[in-house]
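In what follows, a structure is listed as structure tokens, so that the remarks can point back to it.
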Amino acid sequence: MNLYNKYTKGLLILLLTTLIVFSLICYSFNYKIKKINTQAKEQNINANALPIIEDNSKYIEEQTKIWIDRREKDLPCYGLLEKDKVIMSDWMTKLNVKSPEIYYYDYHDNFNLEKFKEILNQNPQKLIIKITHLQSNYGIILIKTGHRDQKYIENLYKQILHKFNSCFVCNHDKSIPPTNKQIRMGKKPSYYKLYETVKPGIVIQEFFNSYKVENSKAPIELKISVFGGYIINVQGITIFDNIEGKRYQQVMDFARDVSAKLGSTLVRVDVFVKTKDNPYIPYLNEISLSPNGGLKKNPLLAEIQDGYGRSIS
């Protein structure tokens, strides 16, 4: 009995110690983000930026309803910058935003086999194709390095045409997407109505390699949420990483700069980085104006006010 009590007591002490250490690490992580924000300046928010939606459980759904309404009224719609990768590529190119090299972007009706061959012949390195109206990995096609024979190119082109004709894929707030029957009945419109306004297109860009060894792993992507100039969340950095150091400073500054260019209320800036770089040099992959989960409950927001002067913590 005494042995059992000693074992139980020892286990409880170990669990308590682990919890305390983990809590201290989390506190340190939040403290470091807060320290990064000490030099932040409040941004001017674009008048067309979307309002804050406090229902985090349906952040994307509620925001998309506003986008749909704006599109139907021919009002400025931030949603298309996020949903339409042709527009995003054009924005990144014209504003000279640092990103993986973009070799081509256009809509499907301007794209043909001869143009595709020309791009591949000019760029023999590994490439990535993004079909612009599809989300996540559904619209991604990888092009191998080196010589590509006629059959390989034609097969790739057929894949692209097939994806042009594919239905959109949309994962909203981790809930269940509508069935075809529900779409026909007009149910869950925030899942697809905005996508119906997105013309299928294509972006061809370099394959970004974060590592020294070719083909070793997928690129390292850091996802930084910015609220009115303040960093409020960082994904892709574990709580054991030191984000306070110089290695991450350029990434944080870059995310703020993208937010300022957009004049957005809330934006998630997704950047690729290379392991060999210290400090990290950020390369913009994409932005999200409706990050899953919205603002969530974040202790760093306690001192930040939204555009209406309300606390959003």
Side-chain angles (χ1 to χ4, degrees), residues 45-92 105-111 129-141 160-203 223 225 227 258-259 262-270 285-296 306-307:
I45 303 300
N46 189 301
N48 295 313
L50 291 172
I52 291 300
I53 295 166
E54 297 181 355
D55 184 0
N56 290 305
S57 65
K58 293 189 175 181
Y59 191 87
I60 298 175
E61 180 179 343
E62 295 301 318
Q63 192 176 70
T64 306
K65 286 177 182 176
I66 298 172
W67 280 341
I68 293 168
D69 182 63
R70 290 188 176 185
R71 287 291 287 167
E72 289 176 346
K73 295 176 181 176
D74 291 325
L75 296 172
C77 179
Y78 265 46
L80 284 193
L81 179 59
E82 174 180 346
K83 305 299 182 188
D84 188 333
K85 296 181 182 67
V86 170
I87 292 177
M88 189 185 297
S89 296
D90 192 50
W91 172 78
M92 290 162 63
Y105 61 91
D106 209 337
Y107 294 107
H108 68 98
D109 46 358
N110 291 323
F111 186 68
I129 291 175
K130 294 181 178 179
I131 305 301
T132 61
H133 70 301
L134 301 177
Q135 266 198 342
S136 303
N137 292 328
Y138 295 101
I140 299 295
I141 302 172
I160 293 167
L161 296 185
H162 174 72
K163 288 187 179 289
F164 280 156
N165 294 317
S166 299
C167 184
F168 70 91
V169 177
C170 187
N171 304 311
H172 274 195
D173 295 320
K174 298 183 179 178
S175 55
I176 301 171
T179 62
N180 288 336
K181 182 179 178 181
Q182 287 175 316
I183 291 174
R184 287 195 300 271
M185 295 173 64
K187 302 292 185 181
K188 299 185 176 180
S190 67
Y191 279 84
Y192 57 88
K193 286 295 183 184
L194 185 65
Y195 277 85
E196 289 178 354
T197 70
V198 177
K199 189 175 179 179
I202 182 171
V203 175
K223 300 184 176 185
S225 296
F227 178 77
V258 170
S259 177
L262 290 170
S264 56
T265 309
L266 173 67
V267 61
R268 194 190 70 216
V269 182
D270 298 350
N285 180 32
E286 60 183 9
I287 57 104
S288 175
L289 294 156
S290 54
N292 192 10
L295 289 168
K296 295 186 176 178
D306 72 7

Lys65 meets the salt bridge (Lys or Arg N to Asp or Glu O under 4.0 Å) criterion, sequence neighbours left out, with Glu61, Glu62
Are the side chain of Lys163 and the backbone of Pro200 linked by a donor-acceptor contact shorter than 3.5 Å? no
Can you list the steps and then say if Lys193 with Thr64 is a side chain to side chain contact (heavy atoms under 4.5 Å, CB included)? CA-CA 9 Å; Lys193 286 295 183 184; Thr64 306; over 6 Å; no
OH of Tyr195 to NE2 of His133, rounded to nearest 0.5 Å, is 10.0 Å
List the residues meeting side-chain hydrogen bond (donor to acceptor under 3.5 Å, both in side chains) with Thr197, not counting sequence neighbours, and say none if there are none. none
Calculate, to the nearest 0.5 Å, the distance between atoms CH2 and CG belonging to Trp67 and Leu289 respectively. 5.5 Å
Go through the structure and list residues passing salt bridge (Lys or Arg N to Asp or Glu O under 4.0 Å) with Asp74, not counting sequence neighbours. none
Pairing residues for Ser89 by the side chain to side chain contact (heavy atoms under 4.5 Å, CB included) criterion, not counting sequence neighbours: Ile102, Tyr105, Val203
Distance-minimising heavy-atom pair for Leu134 and Lys85: O-NZ, 3.1 Å
Side chains of Thr132 and Met88, heavy atoms from C-beta outward: is any pair under 4.5 Å? no
For Asn165, what residues pass the side-chain hydrogen bond (donor to acceptor under 3.5 Å, both in side chains) criterion, not counting sequence neighbours? none
Gln182: side chain to side chain contact (heavy atoms under 4.5 Å, CB included) partners, not counting sequence neighbours: Pro178, Thr179, Lys187, Lys188
Sub-4.5 Å side-chain heavy-atom contact between Ile66 and Tyr78: no
Mind checking what makes side-chain hydrogen bond (donor to acceptor under 3.5 Å, both in side chains) contact with Glu82, not counting sequence neighbours? Ser288, Ser290
Under the side chain to side chain contact (heavy atoms under 4.5 Å, CB included) rule, collect the residues that match up with Leu75, sequence neighbours excluded. Arg70, Lys73
With the side chain counted from C-beta on, respond yes when Asn46 and Leu262 share a heavy-atom pair under 4.5 Å apart, and no when they do not. no
Check whether any side-chain heavy atom of Val269 sits under 4.5 Å from a side-chain heavy atom of Lys223, and report yes or no. no
When rounded to the nearest 0.5 angstrom, what is the spacing between CD in Gln63 and CG in Leu266? 7.5 Å
Closest non-hydrogen contact found for Asp109 with Lys199 is OD2-NZ, 2.8 Å
In this structure, NZ of Lys130 is separated from CD1 of Ile140 (nearest 0.5 Å) by 5.5 Å
Non-neighbouring partners of Asp106 that pass salt bridge (Lys or Arg N to Asp or Glu O under 4.0 Å), sequence neighbours left out: none
Hits for side chain to side chain contact (heavy atoms under 4.5 Å, CB included) against Pro76, two or more places apart or cross-chain, chain-then-number order -> Asn48
Please name the pair of heavy atoms, one in Val86 and one in Gly201, separated by the smallest distance, quoted to 0.1 Å. CG2-CA, 4.2 Å
Taking ring pair (Phe, Tyr, Trp, His ring centres under 6.0 Å) as the test, write out the residues that go with Phe164, two or more places apart. His108
Less than 4.5 Å apart, any side-chain heavy atom of Leu194 and any of Cys77? yes
Contacts of Lys181 that satisfy salt bridge (Lys or Arg N to Asp or Glu O under 4.0 Å) - sequence neighbours left out: none
To the nearest 0.5 Å, what is the distance between CG (Asp90) and CE (Met92)? 11.0 Å
